[in-house]
There are 2 protein chains.
Amino acid sequence: MSRRPVRMADVARAAGLSPMTVSRAFRADAAVGKETRARILRIAEEMGYVFDAAASGLRSQRTGFVAVTVPSINNANFADTVNALSRELGRAGLQVLLGYDLYDPAEEEALVEQLLRRRPEAVVVTGGAHTPRTRRLLQAAGTPVIETWDLPERPVRHVVGFSNAACMETMVDHLVARGARAIAFIGGDISDDTRGADRRRGFQTAMRRHGLDASRLLPIGAPPASMATGAAAMAAALDEGLRPDAVIGVSDLAAFGALTECQRRGVRVPQDVMIAGFGAYEIAAVSVPTITTIDPHPAEIGREAGALAVRLLADPAEDRGPIRIEIAPLLRVGGSTS
Amino acid sequence: MSRRPVRMADVARAAGLSPMTVSRAFRADAAVGKETRARILRIAEEMGYVFDAAASGLRSQRTGFVAVTVPSINNANFADTVNALSRELGRAGLQVLLGYDLYDPAEEEALVEQLLRRRPEAVVVTGGAHTPRTRRLLQAAGTPVIETWDLPERPVRHVVGFSNAACMETMVDHLVARGARAIAFIGGDISDDTRGADRRRGFQTAMRRHGLDASRLLPIGAPPASMATGAAAMAAALDEGLRPDAVIGVSDLAAFGALTECQRRGVRVPQDVMIAGFGAYEIAAVSVPTITTIDPHPAEIGREAGALAVRLLADPAEDRGPIRIEIAPLLRVGGSTS
DNA sequence: CTTGTGTTTGTTATCGATACCATACCTTGG
DNA sequence: CCAAGGTATGGTATCGATAACAAACACAAG
């Protein structure tokens with residue numbers, strides 16, 4: 001458990017070379033004799049030397065970090081995005097520095113500040129709603145900034161996302177086409193979860209467009225939406241005598257919760273009530289019946305955001321104007337609205 | 001989008017103080033006049049100064065990082081652990097540097113090396129099976145090392161975990177007490193997922209102890225176990241004419257998949273077949289029927305691991321001998337085995 | 001007034017790597 | 001045989017903060 005005093009200079013001494021040459025050996029591109037490099041790396045390994053990325057980053061002003069914020073890590077959608085992002089960045093030798101804000105803008109502000117202290121080379125945030133100070137911090141960061149999972153009207157800089165509202169309009173159209181009229185919406189009542197709120201707004205817009213009652217809103221409280229809160233919301237609705245012929249969950253988890261509540265009460269899906277969700281979670285494809293949902297292609301968002309970040313870092317000239325990449329979500333019809 | 005040339009020295013100049021005093025102002029404990037500190041922080045904020053944690057860490061040899069590895073971030077159990085760990089460490093001003101290895105020991109080795117380059121002050125890894133080089137790296141790291149979610153026979157150093165095998169023995173006992181005899185096990189066939197393999201081994205041990213046939217093993221291939229693979233394994237078993245009177249999934253996700261397959265085929269649960277899982281995922285508590293499972297208390301693991309790390313860092317003398325904290329998993333009986 | 005104690009601030013060297021420039025050596029071609 | 005250009009290596013200063021030590025100052029007690 002001794003301290004690790006092995007520095008690059010120690011390796012250099014052992015190899016009979018200058019630290020500079022050892023430094024070069026640790027970078028793929030630098031000019032070092034093929035044999036020399038192999039010998040250096042072997043000696044370093046034997047000595048138990050571990051490269052110090054902090055010192056390297058300080059001098060070179062390249063930390064290799066990309067800061068990424070998500071609302072929650074316990075969410076399959078965001079996990080897919082982070083996964084793809086991480087893989088894409090890894091290719092370019094960049095490492096994800098991940099943080100989560102629990103859907104709280106104040107937490108996001110503190111988080112962004114924490115992350116910026118590590119001098120990331122780029123910042124990828126989920127969502128387009130931030131506190132004024134968060135915006136300032138991001139704009140002054142001097143690095144590429146990419147917002148995802150949203151299409152903000154006033155983006156900080158670059159965007160890789162989709163319209164949450166439009167998704168729900170699509171879903172309402174689908175349900176109306178299937179004959180639904182009294183459609184209820186579960187969730188999206190907390191404004192902190194801006195994506196949830198957007199979906200709810202999309203629901204209302206579409207309902208009004210169809211001349212239908214947009215007021216069947218079933219609140220579930222603080223995000224994230226869960227199976228349990230979805231079930232509770234459905235239970236409350238049924239107890240109050242609300243008899244929707246279709247229910248849309250702000251996410252598949254809430255939708256599945258509602259589905260189970262129907263099963264417990266003998267309400268048949270889709271005959272008595274249709275159910276739809278959002279997110280294309282695995283549960284939607286496996287449950288009985290399968291749940292109609294919208295696939296926002298989380299992995300594609302991550303891939304595109306990662307590729308964009310790499311592009312912007314490789315050629316800062318690309319960062320002249322804001323770039324906006326729109327991902328097309330896909331309606332997946334399941335047995336719950338057949 | 002200008003470079004950020006604002007350094008601590010710039011703030012010091014603007015405040016008419018030495019950099020040292022500004023440095024102190026940014027640490028809570030240091031001795032700085034109350035008014036002076038407030039003025040410094042105000043000026044820093046106005047100038048858009050962002051503290052450079054890399055430079056700070058280099059000089060002070062305290063990066064504030066704790067490296068954490070999990071097999072996958074898309075897993076509610078590990079997410080809960082990381083969450084609790086992160087909260088516990090945050091209290092002490094430590095930041096989680098998270099990486100995932102996709103259940104692949106070679107990936108883990110590369111990951112651990114990457115993380116060590118950032119000079120974490122402690123390392124928390126999931127599981128107790130590593131490549132020899134990973135073990136060497138961890139042991140030579142000169143930092144506290146904590147393995148979680150497992151009780152390795154030959155731990156690297158400290159452990160916060162539970163016995164995956166014992167959990168499954170408990171589950172088999174439960175099912176046998178409920179009258180099950182022909183019990184099948186879904187998953188755990190890939191040795192890379194050592195926790196899954198341990199659970200499977202526990203299943204076999206308990207079955208033999210009861211004098212029952214331990215050979216009903218339904219493979220699902222590469223981890224992680226999912227709802228889809230659980231359903232497929234159940235389908236294959238039923239197609240082959242295997243008629244188990246109980247099925248245990250290596251995780252609740254696989255168990256739920258199996259449950260849905262039964263529903264699709266009109267096999268009644270629990271009357272025709274009992275179903276049990278592992279992990280106390282939300283699905284187990286919400287599905288119809290609810291699924292009997294084992295709660296490994298993931299948050300408690302994270303909390304304990306975090307607290308242990310903080311303790312070891314505060315007082316290195318604590319690191320004299322290996323510490324082993326055992327978490328007691330809890331059987332949660334649901335409708336699927338009632 | 002002197003000494004002592006505690007609080008606040010300043011000076012210098014340094015953490016471990018790399019940018020930048022210089023140099024030695026080796027080819028190749030005229 | 002020498003100039004030109006490429007390849008491999010080394011020397012020095014530096015990235016932005018802080019540890020360690022020093023000193024200035026305030027105030028209380030003797």
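Throughout, a chain's letter reflects where its sequence line sits, starting with A, and its residues are numbered from 1. The structure displayed is predicted, hence computed values, not measured ones.
- For the pair B/A55 and B/P19, both in contact range of DNA chain C, the more 5′-proximal nearest nucleotide belongs to B/P19.
- In this model, no side-chain donor or acceptor of B/R119 finds a partner on the base of C/dG16 within 3.5 Å.
- We find that CZ of A/R24 is positioned 6 Å from C1' of D/dT9, with the value rounded to whole Å.
- The CZ atom of B/R7 sits 7 Å away from the P atom of D/dC15 (whole-angstrom rounding).
- Atom pair B/D10:CG and D/dC15:P shows a separation of 11 Å (rounding to whole Å applied).
- Counting any heavy atom pair closer than 4.0 Å across all strands shown, A/R27 reaches sugar-phosphate atoms only and no base atom.
- Regarding B/R117, its CZ atom lies at a distance of 12 Å from the C1' atom of C/dA17, rounded to whole Å.
- Taking only distance into account, the side chain of A/R59 never meets the base of D/dG16 through a donor-acceptor pair shorter than 3.5 Å.
- With A/V123 as reference, A/L116 is the one residue of A/L115, A/V156, A/I146, A/L116 to meet the side chain to side chain contact (heavy atoms under 4.5 Å, CB included) rule.
- Of the residues listed (A/N77, A/T81, A/T126), the one engaging A/W149 in a side chain to side chain donor-acceptor pair (under 3.5 Å) is A/T81, and it is the only one.
- Across the protein-nucleic acid pair, A/M20 atom CE and C/dG16 atom C1' stand 12 Å apart, rounded to whole Å.
- No side-chain donor from either of B/N74 and B/Y100 sits under 3.5 Å from a side-chain acceptor of the other.
- The CG atom of B/L17 sits 8 Å away from the C1' atom of C/dT9 (whole-angstrom rounding).
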